[in-house]
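Residue numbers start from 1 in every chain, and the chains themselves are labelled A, B, ... in the order their sequence lines are given, proteins ahead of strands. Being a predicted model, the structure only gives us computed values, none of them experimental.
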There are 2 protein chains.
Amino acid sequence: MGLQRPPDQNSETVERMIKAAEELFSERGHENVSLRQLTSHAGVNVAAVNYHFGSKELLVEAVFENLVQRVCEQRELALEKLQPGESLMLEEIVRSFVDPYLGDGNEKQGALLARFLMRNRLYPTDGTRRVVSEYLDPMAKKYIAAFAQVCPNLSRQQLVWRYLFMTNTLAASSAGDNLSRRIGALSANSGNVELRERREAMIEFLVSAFR
Amino acid sequence: MGLQRPPDQNSETVERMIKAAEELFSERGHENVSLRQLTSHAGVNVAAVNYHFGSKELLVEAVFENLVQRVCEQRELALEKLQPGESLMLEEIVRSFVDPYLGDGNEKQGALLARFLMRNRLYPTDGTRRVVSEYLDPMAKKYIAAFAQVCPNLSRQQLVWRYLFMTNTLAASSAGDNLSRRIGALSANSGNVELRERREAMIEFLVSAFR
DNA sequence: TATAGTTTCAAACTCTCATTTGAACTTAAT
DNA sequence: ATTAAGTTCAAATGAGAGTTTGAAACTATA
């Protein structure tokens, strides 16, 4: 009968669409990727989006949720590994937060996540809010608790602020390749900036911001 | 003959359009404001946009340039007022940077600027890049020089990084009212967060990030 | 093999948007 | 008063987007 709610099956088609979406969204942002571009890049029919996800918006949210879930799992693991030892290092907490965000190798994951988080900041929807409150907020509380152990001089309120500023810095610094260009313009140096270098500078910045 | 380039006149119509654009853009972002909404809110005809600016994109860039110019002028003044005394305070430099950005009273200006800067980070165009290199970059060099005086222990490279992280934090923290909601979710406190409070917390954060 | 449910496909549909158009109106100079 | 340029207007245009459709292809079960 035409229009039925498809179950959450892991069909080949769905995976290909999500993969294509991650690639294209991380480059141009989901508002600049039409369904025709997306589906042709994935090698599936245009109608597949509405058939499998219901709408473009729901596809976007599925990709977002997918990614956030992945990152939060990695953070969970990294944070747990830190807890047992009593001597909790500030820098290691920051690293356990930043590393899963940026992912490995290329900067695509960080860029994608940054786009989503900025988008949620500027134009939140019910779906994106749900992802934040379901995955990010519980994780945030754990991090704030961890920071509280290392920074006993900061009040709970201050910790909340700084945690949020940290996430903002991370998101804003990962979005687009514009930062590298800007650094070239401001430094006397040559333009090219290494990824590793950027990551280390940011961690240094964040660590000092918690002191 | 139909299509001529109109000069930069300060006609009533142009002013009304820019004013309406600032209001609507700061609330919903320029991608979510159609020209019909914009012009009807301004009380002018739809065709006026293309007649006076050439296109929607050029109107957006004009609003952006307008705003950035204003903010940079205020920063210039505030920074100059600081220089004469030898005892340059880190916190005052940060304030001279933050205050013109956030504007006075309502948070509309900060939100508008944040949207533009994020947009430029995610989807830069020739026009927005021009505004950045023409207004923001020269200003940035002055600020980096000022920070260098107060933070002699930081290398030039570190100063550049931290300046950029500062701008990112500022932009990300000013965009949307989502931050307040998030704080409510993470604190045990009640949801409402004062503007002043937020501003002070951010300045505290930024100051500590430069130490 | 027959049948019912699921998935794919090309094509059409609908809607909104920025942009263009040509006439009407205003303004200022000759 | 006449003319020409600048400006405004309602209406049309056309491109591009997401979505829907109904038939065809596929898959599994009986």
Is the phosphate of [N], meaning OP1 or OP2, less than 4.0 Å from a side-chain N or O of [X]?
X	N	value
Ser11(A)	dT7(C)	no
His52(A)	dT6(C)	no
Asn45(A)	dT7(C)	no

salt_bridge([X], [Y]) N-O dist < 4.0 Å:
X	Y	value
Lys108(B)	Glu22(B)	no
Arg16(A)	Glu12(A)	yes
Glu61(B)	Arg130(B)	no
Glu200(B)	Arg95(B)	yes

Let me know the distance between [atom1] of [X] and [atom2] of [N], rounded to the nearest Å.
X	N	atom1	atom2	result
Phe53(B)	dT19(C)	CZ	P	13 Å
Glu15(A)	dT7(C)	CD	C1'	16 Å
Asn32(B)	dA18(C)	CG	P	11 Å
Leu38(B)	dA18(C)	CG	P	9 Å

Query raised in the report: How close do Asn45(A) and Thr39(A) get, heavy atom to heavy atom, and via which atoms?
Result: O-CG2, 3.5 Å

Query raised in the report: Parallel, tilted or perpendicular for Phe147(B) and Tyr143(B), by the 30°/60° rule?
Result: tilted

Query raised in the report: For every nucleotide of nucleotides 14-19 of chain D, 5' to 3': is a protein heavy atom under 4.0 Å from its base (B), only from its sugar-phosphate (S), or from neither (-)?
Result: ---BBB

